[in-house]
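Structure first, then comments.
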Amino acid sequence: MKKTLKYTYVAAALTASAAMQSCSMESPFSSEEGVLKMNLVINSNVVTRAVTNQQELEDSCVVYISNEKGLVFQNKGMSNMPDQISLRQGNYIAEAWTGDSVSASFDSKFYRCYEPINIVGGMNEIQLNCKIANVVASINTSSIDDTQVKDLHVTVSSSKGSLEFTKDNYTKKGYFMMPFDAEGNRESTLTFKIEGENILGEPFSKTKTVENVKPAYEYVVNITYGDQEDEAQGGGYLVVTIDETELLVPSTVEIFAAPLIEGVDFDIDKQIVGMPGQFVGDRQVKVVAFDEIESFTIECVDAGNLHLPSQAIDLKRVDDLTKAQIEAAGIYWDKEVTELEGNKDGHTRQLSYITFTEAYLNSLPERATEYRIVLTATDGTENGTGVGKTTTKTLHIAVGDEAIIYEDPLVTEEAIDPNNLMSIGARSATLKASVKDEAATGLGIQYREVGTSEWTKVPVTGSRASKLVTVTLRNLKPGTTYEYKAYADGFEASDSKRFTTESTYSIPNASMEDWSTYTASTMLGNRTVILPGVGGDKNTSYWGSGNEGSATANKTVLDKSEDMFNTGKYSARLASTSAVGVIAAGNIFVGSYVRTDGTNGVLSLGREYNESHPSKVRVYANYRPGGSVSVKSGNEKYIDIVSGGTDHGQIYVALTTEPIEIRTNPDNRNLFPSGPTKEDGKTPHDDYSKVVAYGEVTWDKAFGPDGGLQAVEIPFVYTDRARTMKPKYLVIVASASKFGDFFCGSATSVMYLDDFELVYE
């Protein structure tokens, strides 16, 4: 089935015509004349020269009257409209349009009408009803319940434009002119993205797609709260529906537009830039016209360097020799003409492509100024006037650095940098900009939270010599979308870019209030094991400990304590002990105890988190090292405590790409990789490539006041691989005896911990 291509003729495209300054009529007329008196209705208000409101619509209003011979009357501006128009008796078509045809806007609307007229002798009256041609989107504000949903924002999008509704503009209506797709058919899909936070402060996002949207219809977002959907949102469920409401009966006739000339997968209005011989890929230009193209010309002033046989070539009328010369240079023109589906007047559509091949672009010599190729298409919709509608576009080709034209003195780069995944954090963002005008002053980047009105300006830092400058934004909100754009003295970029800060992560059971038990099978029978978490499942609990290993000897190295705490009721008490003559370190870690290997433990360190980049871990601690240290024979070379001396306590933290297995058995020992080598300082550590960030604190004496906890912060030191690898697992390990992995330490060392927190800066 052939597809129909229809365009709406926009008023802005007509302002270039000098003929529209006043009316233009057939002359001379015979005595068989009638007189036409015309009123124009825009948005249900009759517009005459006496009406002073809607002045903008009046001034931009364009009226055409035509018959089978072509155009007989045209006028722009209601103030120029005559009271009466003399026309020969017969059948005519009156067309009118006004407003702005904008892809997406809260303010700009477009109206149009198309009306047949039968003129008879004497007075004839007609009323042209210009009806809204936009698709309208809005929010039912009465459906928003601030007790159920917070920070609600709705983004409505077509493929060419989008509008964002926030608390500041819930009551507005959005107006969309639906674009044409690659096949030349008008698109009819709107996407509604609804985002916010539920009553628990948890973010949610829902997307609704509405197909077959129609001009002059309003699509209203309604939000209800019930229990009918799968996705929980706070105390209930959030349900989004979109109602369709007809505003006005739209006109069923589309007015043909001038030919369309656009780049395929590139912006034809911007320079095609490349180094000599280094252009990659063809550049294809699409041309769409009605009733077939009457002429399609390529014009230039430098035919020699552009490898064209002459300065002006009409591809519609080109001879075989010229066509062969153009194709030999690497330029091809292909066209296809199809009949418009359902059209009663025999109209056709021509879809053409002109291709400037990669070989052609690479054949152009380098020079300091850009090459310009002017493309002009004239269609066949002249309706007896002898002149069709015309569109002109210019290809701008820059070969070499000197030919590049920068409109802006400072150009912002995309915030998401695949070579630096840490550029956007939870509370900070580092943005880059390229300096295009070295003489520009007052350079900077301004930013604001999406949905707010005030911009914050931040001057750039960095070397002008490198033409790359940076701005670091501080004190941002986590999980928030910001927009930003460049500025300079006398300049402000028209387009803005966006980024979203990382969300923070709250460590489960960070306050050590949740505890349970489970049963473990040991060499000496089943034992009850204390677990730092609810549910009694060591595989799902965020925290683990070595309690299962020490349970064989009926020892507990970790338990809750009311002796001292920062908040709540409990803290975690890590108490080293001696079991069958071997030191068992008091410990707690993020991960799980996997199994006992003889008298040794196998652990899995790390639990999934939200892949953010915290700067440090904060925890409240109290540590009292024990004396009379016991050192297992043969392990002296791995430790820095001495037999009979004072124990050391340690907390280390890490961000990794995978969980890391810890084994304390000397035969296959694998400890956490704080560096690229194992404990001998020579053997490469296979797990080090999984570590994205690491930090530690070690105490060789008491920490914290007697009977109380004191805050300690452990900074993360990020590795170079953090620039290109996202961390996926959080590791926290605390031990009352740092060298417990080597079964060395004091049986009287005790550590208390409470309120772990990831800190973001």
Side-chain angles (χ1 to χ4, degrees), residues 4-21 24 62 64-74 76 93 95 97 101 180 182-184 254-264 268-269 283-301 303 306 308-320 322-323 325-327 331-340 343 345-356 372-396:
T4 304
L5 178 60
K6 294 183 177 181
Y7 278 65
T8 301
Y9 207 126
V10 296
L14 299 171
T15 57
S17 173
M20 291 190 183
Q21 302 304 315
S24 172
V62 176
Y64 271 9
I65 299 177
S66 58
N67 61 11
E68 71 278 1
K69 294 183 179 180
L71 183 68
V72 298
F73 173 87
Q74 59 185 8
K76 181 180 180 184
I93 295 294
E95 305 171 23
W97 55 91
S101 179
F180 293 93
E183 300 297 326
E254 300 273 2
I255 303 168
F256 292 149
L260 171 72
I261 303 177
E262 66 179 8
V264 177
I268 197 172
D269 295 318
R283 299 298 188 276
Q284 194 174 59
V285 177
K286 180 171 70 174
V287 184
V288 183
F290 292 99
D291 287 353
E292 196 169 357
I293 290 176
E294 287 298 311
S295 68
F296 184 53
T297 60
I298 301 177
E299 297 180 77
C300 63
V301 296
L306 287 167
L308 296 174
S310 63
Q311 291 185 346
I313 303 166
D314 187 345
L315 295 180
K316 183 65 186 283
R317 297 172 175 82
V318 70
D319 57 52
D320 291 341
T322 304
K323 179 181 178 182
Q325 292 174 316
I326 295 171
E327 292 181 350
I331 301 173
Y332 298 89
W333 186 41
D334 300 307
K335 65 183 179 122
E336 175 188 350
V337 178
T338 60
E339 182 179 349
L340 295 180
N343 188 274
D345 299 321
H347 289 293
T348 58
R349 179 196 74 175
Q350 177 172 316
L351 177 61
S352 305
Y353 292 94
I354 181 168
T355 302
F356 298 85
R372 296 182 182 179
I373 301 176
V374 180
L375 308 176
T376 303
T378 302
D379 68 15
T381 60
E382 45 86 16
N383 291 326
T385 63
V387 180
K389 298 183 181 73
T390 296
T391 299
T392 297
K393 288 286 185 179
T394 301
L395 274 183
H396 303 266

Open item on the list: Please enumerate all residues that pass side chain to side chain donor-acceptor pair (under 3.5 Å) together with T391, with sequence neighbours excluded.
Closed with: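 Partners of T391 under the side chain to side chain donor-acceptor pair (under 3.5 Å) test: none.
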
Open item on the list: Tell me every residue that passes side chain to side chain donor-acceptor pair (under 3.5 Å) with T392, counting only those two or more places apart in sequence or in another chain.
Closed with: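 So T392 forms a side chain to side chain donor-acceptor pair (under 3.5 Å) with T376.
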
Task: Side chain proximity check, I373 to F356, heavy atoms < 4.5 angstrom - done: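 With C-beta onward as the side chain, the pair touches.
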
Task: Pairwise side-chain contact, F296 with I354, heavy-atom cut-off 4.5 Å (strictly under) - done: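 Yes, close enough: below the 4.5 Å cut-off.
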
Just verifying a value: how many Å separate [X] [atom1] and [Y] [atom2], rounded to the nearest 0.5 Å?
X    : Y    : atom1 : atom2 : value
I298 : L315 : CD1   : CG    : 4.0 Å
I331 : I313 : CD1   : CD1   : 7.5 Å
T297 : L375 : OG1   : CG    : 7.5 Å
L308 : E299 : CG    : CD    : 11.5 Å

Going by side-chain contact (heavy atoms from CB on, under 4.5 Å), name the residues that satisfy it together with [X], two or more places apart in sequence or in a different chain.
X    : answer
D319 : L321, T322
V264 : Q284, K286, Y353
Q311 : A303
T394 : R372, V374, H396

Task: Closest contact, heavy atoms only, A377 versus P259 - done: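 The answer is O-CG, 3.7 Å.
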
- [ ] Taking all heavy atoms of C300 and all of S310, pick out the closest pair and write down the distance.
- [x]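 Minimum heavy-atom contact is SG-O, 4.3 Å.
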
- [ ] With sequence neighbours excluded, tell me which residues meet salt bridge (Lys or Arg N to Asp or Glu O under 4.0 Å) with K316.
- [x]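 Counting only residues at least two positions away or on another chain, K316 forms a salt bridge (Lys or Arg N to Asp or Glu O under 4.0 Å) with E292.
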
